[in-house]
Amino acid sequence: MQKYSAREVEKKWQEKWKSTNLHTVDLKDFKDKYYNLVMFPYPSGDKLHIGHWYNFGPADSWARYMRMKGKNVFSPMGFDSFGLPAENYAIKTGVPPAESTKKNIEYMKKQLSEMGAMYDWNKTLATSDPDYYKWTQWIFLQLYKNDMAYKKEAPVNWCPSCKTVLANEQVQDGYCERCQSEISKKDLSQWFFKISNYAEKLLDYDELDWPEKTILMQKNWIGKSEGCDIDFPLEDNSEILTCYTTRPDTIFSVTFVVISPEHPLVDEFVKGTRYEEDVRKVRKKINKQTLIERTSEGGKDKIGCFLGKYVINPATKEKTPVYLANFVLMYGTGVVMANAHDQRDFEFARKYNIPLKFVISENGKKIDSKDFEGAYTADGILFDSGKFSGMNNREALPKVIKWLEGINYGRATVNYKLRDWLISRQRYWGAPIPIIYCDKCGEVPVEEDDLPVILPDNVDFSPRSDGKSPLANHEGFKYCKCPKCGRDAEREVDTMDTFVCSSWYFLRYPSSNLKNKPFDNKITNEWLPVDMYIGGPEHACMHLLYARFINMVLHDLGYINFTEPFDKLVHQGMITKDGAKMSKSKGNVVSPDEFVEKYGSDVFRMYLMFMGPFTEGGDWNDSGITGIARFVDKFWNLVNSDPRKVKDKNALKKNLNKLIKKVTEDIEKMHFNTAIAALMEFVNFAGKNGTDKNSKKVITKLIAPLAPHLAEECFDVLDEKYSVADSKWPEYDPKLIVDELITIGVQVNGKVRGEIEVAKDASKEEALEIAKSDENVMKYLSKGKIVKDIYVPGKILGFVVK
RNA sequence: GCCCAGGUGGCGGAAUUGGUAGACGCGCAGGACUUAAAAUCCUGUUCCAGCAAUGGAGUGCGGGUUCGAUUCCCGCCCUGGGCACCA
C-alpha cells in the first residue's frame, strides 16, 4: 500500500474526468433534470480567493450528491466579466480591459479545474463576450419597445477634482475614494428600467424556498406602505396640495404642511415673492447636506423655510402654513401633513415656532404639547377630533379614510420605496446601450438585426470633464447613421449597469452556444427555474431582485413560461480574516492556492466545510487543517486495510447503517460539518474494529460528494466501476439501526445521579427496578420520600424526592 | 433609531416538538516507537475540590415557568448583518 499522494491522484482524475467527458451534460434529457447554480465570479486580478472556494466547494458537493441521488445535474460556471475594476486598471496601466479580463479568466479557469468541480465547460459564458452582450442589448430593446425603459435627468456622483462620474462604490462617506475630494451631484440624462411597475408582483414569495431573512430584506427594500392621499386646497383655491400619510387618524392634529425641496410647485409658489431668497439659501444648504450629513449620523438637523402660502386643513378647516423642509423626500406625493404625533414634525415645529396640537393621549384626556419634549408617537384615544373623539386611534384610522373619501378630500393609496432602476453608467467596460440619437427622428433603437453594438477596443480611457463615458472619445463608435432616415446620427455612449448583464445569465447557460437566439425556448422552459441557487447574502436586494424582475418581464412578454428564476436559494456565510472582510486594501486576502498545493483540493474543501455550518461562515484560520489531512490518510489506510480482520460484524453493520442515515440527512440540510464528523467517527471505529469490503465501498460513496478525487481513487483500489460519481447513493436499512439496549440518565430532583442500561422498549416498572439497584441513585432516594417519578422511554428517568 | 441573526471549554464547533451539555476536530499534557527529530499510535483534557469514588459550579447577565431549561417566557448587555429622515 502506498501513502495517499493527493496532488498526483487529483491531477490524474481531473484528466480522466476530462478525457471521458464525465461532466458533460445532455441538456436534451429533461427527465430528473437538476439545475444547480452558483453566483458567477467577477474575474479580477485577485484570482479565486477563499470566499469563492467557500461558495463553490460545498455547492459542487451538493451537485455531486444530487447526481448520485439519480438526478441529471447541470452545474455550469461562467464569468461576470464587465465592470469597473478592469477599467480602473486600464486607466492606471494602459492594459485594455479585454486583455486583462481574458488573462484573468484563463487563470481562474485553471484554478477552478484544480478544484475538481463538476462544471460542464462546454456550456460556459462571459458577460463581456459579444455573443453574450448581444442578447443583453436585445433584452434592453424588449424593455424599450414595451415602455419599460425610459430616459430621465438624474443626479450622478461627480468628483470635481478627477472630473469624472463615480460609481456608488467609489464614493466613501461623500468623498472620492481615490483623491478624497468632496463629491457633488451633477444632473445627467440617464436610462431607467421601470422595476417599480413590478413592486407588487415582486412581493409574492409564495412559491419560493428562500431564506426568511432574504425575503424580509427584499420586502423592506420594496417598502410597501398602505395609507391615504389627503387634499389640502390652497386658501385661494388656486392649487391643491396632496399629502400622502399612513396616519390619517392624526388629521385633526395637522398644524402645518411640509413640502420637499425637489417639488416642482416650490418655485411656482415663491417666484417673485420675498420668500424666493430664503428658498435659494435653504436649498443650497440642503444640497450640501444630502451628500455628506444626510447619510451620516449627525445629519438629522431639520432645516427649512416658510413659503408664504397657506392651505386649508380639510378636517379642521383651519388656515395652515406651508413650509419647505429638508427631511421631506420625493416619496409619495412629496408633500407631508405635519403634526405633533411625528418626531420629525415635532422637532421642525419647535425650531421654527410653529404651533403644535395633540389629538391622541393614553386615555383620551387632553394633553398639551407645551408639557412635552418630543412627539407623542404611541397609540391611544383620540380627542379634539370631531366625531372620532373617544375612539382608539388605530380603530379610527380606516374610518377617517372612509370619511375623507366621502367628503371627496382623500383616497386610500399604496406607496413603495422601490425606485426605478438606473442602468446608465458613464463607463467604458460594459454593454453599450443600443440607442441612436438623430436630429430628425430623435431617440431611435438599434435594429435587432444590427446587434450587437460592438464595444470598440481601441479607446482612450482618460477621464473626460463632461461626465461622459470614454466611448464619447471614440469617433468611430460615436458617429453613425440613423437606422430610420439614414442621416448622420450619434450613438448613446453610456453603457449598462453590470447588474443588467447578471440579471439573465442563468437563462443563457443552457443555450450558451446558440447563435440566433438568446435562449432555446424548449430547453429553457424545461431546465428552468434553477433548482438550487447558492451565493452570498450581499446580493439580496440588488442582483436577486433585478434577476426576478427581468425574469418576470420576459415571462410577461411571452418569452418564457415561468415567473420566478430561482426555486431554492441558499446563502453561504462570509469568511473573514481576523474579524474583517477580506479585501486587497486591507491586505488580508488569503489565497487558497498554497493550501491546495500542500494538502490537495479535497482536504482544503473539506476543511472549509468542517469549519462550521455552511450558512454561517466564520473567521479563517488554518490551524485545524491538519486534522482533515490526517482524516484523509486514515480513510485511505482503512480502504486499503485487510478486509478479513473484523472483530464485531454486527457492530460494523449497525454503525455503517447509522452512518448512511446521518450523512444523508446532514447533506440534505447542508450540514456538511456534522456529516464529516460522522465519517470521522466511523473511520475511528472501523480502524479499531476492522472493516469489510462492502463497508469500504459504502463509505467511499458517502465521501464522494465531499472528497471526489479521494473517492475516485478508493473506488479504483476497490475494483469498482468508474466512476464513483455515477454510482448510486447508498441507502440504510431502518431495521439495522435500532439499538436494543440503551443508556439513559437517572435524575433525582433534576440532577443526574446515575445512568442505567435498559431495553429500548422497557416498561416504567422495569426501568424503576434497575434504577433502584444503582447505589448512588439509592443514596439520594433514601434522603426522603419519592413523591413523583417520570419516565420518558429512551430519554430519561426522573425522581422527585421530598 | 428600526428590523433580523447570534452569544456554549484554551480555539472551531456539536446537541433544541424541554430529557445524561461539550460529539468531531484543533491545541495542550503524559506515554509508546526512534540514537534523535518529524510523522504515527495510545491515554487524558469544561472549571473548582479530591489519590479516587464523588461533590459543587457551569451554555452572555438578571428574573420566571418546570421534576428537569443551551432549548420556553419577561427584562437587560454584547457581537455581526441589513435599513436608515419613506410621513
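What you see below is based on every heavy atom in this structure, not just the backbone, and it leaves out hydrogens, waters and symmetry mates. Keep in mind that this is a model prediction, so the values were computed, not measured. The sequence lines fix the lettering, A, B, ..., with proteins before strands; numbering per chain opens at 1.
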How many whole angstroms separate atom [atom1] of [X] from atom [atom2] of [N]?
{"X": "A/Ile625", "N": "B/C24", "atom1": "CD1", "atom2": "C1'", "answer": "17 Å"}
{"X": "A/Glu616", "N": "B/U79", "atom1": "CD", "atom2": "P", "answer": "19 Å"}
{"X": "A/Lys669", "N": "B/A14", "atom1": "NZ", "atom2": "C1'", "answer": "12 Å"}
{"X": "A/Ile628", "N": "B/G25", "atom1": "CD1", "atom2": "P", "answer": "10 Å"}
{"X": "A/Trp620", "N": "B/G13", "atom1": "CH2", "atom2": "P", "answer": "13 Å"}

Would you say the ring centers of [X] and [Y] fall short of 6.0 Å from each other?
{"X": "A/Phe358", "Y": "A/His341", "answer": "yes"}
{"X": "A/Trp53", "Y": "A/Tyr607", "answer": "no"}
{"X": "A/Tyr780", "Y": "A/Phe799", "answer": "no"}

**OP:** Keeping the roles fixed (side chain from A/Asn657, backbone from A/Ile737), state whether a donor-acceptor pair exists under 3.5 Å.
**Re:** no
Original post:
Which one is paired to B/G55, where only Watson-Crick or G-U wobble pairs with both distances under 3.5 angstrom count?
Top reply: B/C48
Original post:
If we call it a pair only when both distances are under 3.5 Å in a Watson-Crick or G-U wobble match, what pairs with B/G1?
Top reply: B/C83
Under 4.0 Å between a side-chain N or O of [X] and OP1 or OP2 of [N]?
{"X": "A/Arg630", "N": "B/G27", "value": "yes"}
{"X": "A/Tyr780", "N": "B/G55", "value": "yes"}
{"X": "A/Asn776", "N": "B/U54", "value": "no"}

Subject >> B/A21 versus B/U8 - spacing of their C1' atoms, nearest Å >> reply: 8 Å
